[in-house]
Protein chains: 2
Amino acid sequence: MTTSKRTSPPEQTALEEAYPTTVEGLVLEERLGYALRRAQLKVFKHFNEAMREHDIRPAQFSSLVVIEGYPGVTQSSLAQTLSIDPPRVVSLINSLEERGLALRVRCKRDRRSHGIFLTKSGEALVERLKGLAERSDLEATQSLSEIERRQLLTLLRKIYVPETQDD
Amino acid sequence: MTTSKRTSPPEQTALEEAYPTTVEGLVLEERLGYALRRAQLKVFKHFNEAMREHDIRPAQFSSLVVIEGYPGVTQSSLAQTLSIDPPRVVSLINSLEERGLALRVRCKRDRRSHGIFLTKSGEALVERLKGLAERSDLEATQSLSEIERRQLLTLLRKIYVPETQDD
DNA sequence: ATAAAATAGTTAGCTATTATAACTATAGTC
DNA sequence: GACTATAGTTATAATAGCTAACTATTTTAT
């Protein structure tokens, strides 16, 4: 199984330090997944830093925003909207409920499902957080112009919502 | 602590089903982190599907590509290049070594560091994988034109490498 | 109307990712 | 030679994404 040997004689290898820390021109720079991960890593780091005092993670923030926009949204609907699997939605809503930010209400029509609502403090918090998130994004993308930021959002949306029309 | 109450009377909530599965016009659509995650999720899913028969994960692929481009690269240099923390690089290279795709060679000049090289089978594999990755990206972004794909890569690169110049 | 199939939510378990802290060995500096 | 810094490693921990299995309900088919 391990019949293959090394590609370069290790004896004559002494220039490791010369390697650049940024990989210009490497095939990797053409890989969309790589670029998306690097960009997301940076944007999320800024986000987490901005939310640190509120102890809110990206998925919690997204949930709060969706619940605010669609009060009474069911867990399955939330899962689909955020591309989060059902088990994770459970723990997500649990944490929001424990912190008094949201609550489940059993649905009368279909007693299998639960509508989710924000509490007063949940509503107050999400209003505050939206401003912080906005500022965080701007900081993380200082190197982009406002036009470029719009372009980027449009292109990304086209990937995950293929039916998206240009603005 | 739990003084706040719900935002809507749950008694009159019976329209959950009417909620859209795609959230158009919601504040969330303006959040860069959200869009990045959704897009990355889709691109990575395609990638993992394309690599399934080879049992190669995104981070392993990136590592192979960098090692191929810079044979003898040290683990710390690899960590910095890929924005992966050192402990993870260890397990990453361990797995590549166990599979006979790469190997560590202790550096003579600085005996603390290890140069990483591809084996013959590692070289053969990465050549094969690069084609698969390319096709996977195209499939995942069918809704984008070639120009838009280039724009997207450029914009993303501007975020994580702020010094990047336009093409 | 009853049996079968589908759905909403939940619990449990696995792997991977990101992040720390602490430790060993080596190298560089005062 | 003592102090400091660096490369790699080990060990934890929290989170994320995925799958299977189970309960309670609803819908569909017979």
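Per chain, numbering begins at 1; letters A, B, ... match sequence-line order. Treat the numbers as computed from the prediction; the structure is a model and nothing was measured.
Along DNA chain C, the nucleotide nearest Ser83(B) and the nucleotide nearest Gln75(A) are compared for position; the residue whose nucleotide lies closer to the 5' end is Gln75(A).
Proximity of a side-chain donor or acceptor of Arg111(A) to a complementary backbone N or O of Arg106(A) within less than 3.5 Å is not detected.
Residue Ser76(B) places at least one side-chain N or O under 4.0 Å from the OP1 or OP2 atom of dG8(D). OP1 or OP2 of dT10(C) sits under 4.0 Å from a side-chain N or O of Arg104(A). The side chain of Arg37(B) contributes an N or O atom lying less than 4.0 Å from OP1 or OP2 of dG17(D). Close to dA16(C), at under 4.0 Å from its OP1 or OP2, lies no side-chain N or O of Gln60(B).
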Quick one: side chains of residues 56-69 of chain A, donor-acceptor pairs under 3.5 Å with protein atoms, not counting sequence neighbours, listed by atom name and distance.
from: Gln60(A); atom 1: OE1; to: Arg57(A); atom 2: N; distance (Å): 2.9
from: Gln60(A); atom 1: NE2; to: Ser95(A); atom 2: OG; distance (Å): 3.2
from: Ser62(A); atom 1: OG; to: Pro58(A); atom 2: O; distance (Å): 3.0
from: Ser63(A); atom 1: OG; to: Ala59(A); atom 2: O; distance (Å): 2.8
from: Glu68(A); atom 1: OE1; to: Lys130(A); atom 2: NZ; distance (Å): 3.0

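Relative to the side chain of Asp110(B), the nucleotides dG9(C), dT7(C), dT26(C) differ in distance, and dT26(C) lies closest. Closest contact between the side chain of Arg112(B) and the listed nucleotides dT17(C), dT26(D), dA25(C) involves dA25(C). Proximity note for Ala59(A) (side chain, C-beta onward) versus dA16(C), dT10(C), dA16(D): the nearest is dA16(D). For Ser113(A), the listed nucleotide lying nearest its side chain is dA8(C); candidates were dT26(C), dT17(C), dA8(C).
Taking a 4.0 Å limit (strictly below) on heavy-atom distances, residues 85-95 of chain B reaches DNA chain C at Asp85(B), Pro87(B), Arg88(B).
No hydrogens or angles were tested; on distance alone, nothing pairs the side chain of Arg111(A) with the base of dT25(D) as donor and acceptor under 3.5 Å.
Side-chain atoms of Leu78(B) and Leu82(B), non-hydrogen and from C-beta on, do get closer than 4.5 Å to each other. At a threshold of 4.5 Å between non-hydrogen side-chain atoms, the residues Val90(B) and Pro87(B) do not count as touching.
Residue contacts shown for Leu41(A) are limited to sugar-phosphate atoms, with no base heavy atom under 4.0 Å away.
The separation between Lys45(A) atom NZ and dA14(D) atom P is 20 Å, rounded to whole Å. Distance CD (Gln40(A)) to P (dA16(D)): 11 Å, rounded to an integer number of Å. In this entry the distance linking CG of Asn48(B) with P of dG17(D) reads 12 Å, nearest Å. When rounded to the nearest whole Å, the span between NZ of Lys42(A) and C1' of dT18(C) equals 18 Å. Atom NZ in Lys108(B) sits roughly 15 Å away from atom P in dT26(C) (whole-Å rounding). Counting to the nearest Å, the P atom of dC18(D) and the CZ atom of Arg52(B) are 14 Å from each other. Rounding to whole angstrom units, CD1 of residue Ile84(A) and C1' of dA16(D) are separated by 9 Å. The separation between Gln80(B) atom CD and dG8(D) atom P is 12 Å, rounded to whole Å.
Remark: Arg31(B) pairs with Glu134(A), Asp137(A) by the salt bridge (charged side-chain N to carboxylate O under 4.0 Å, His left out) rule, at least two apart or across chains.
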* I would like to know whether Lys120(B) and Leu125(B) meet side-chain contact (heavy atoms from CB on, under 4.5 Å); could you show each step before the answer? => CA-CA 9 Å; Lys120(B) 288 273 183 253; Leu125(B) 181 63; over 6 Å; no
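Taking 4.0 Å as the cut-off between side-chain N and carboxylate O, Arg150(B) and Glu30(A) count as a salt-bridged pair.
Cluster membership for Ile116(B) and Val27(A), using ILVMFWY side-chain heavy atoms within less than 4.5 angstrom, is shared.
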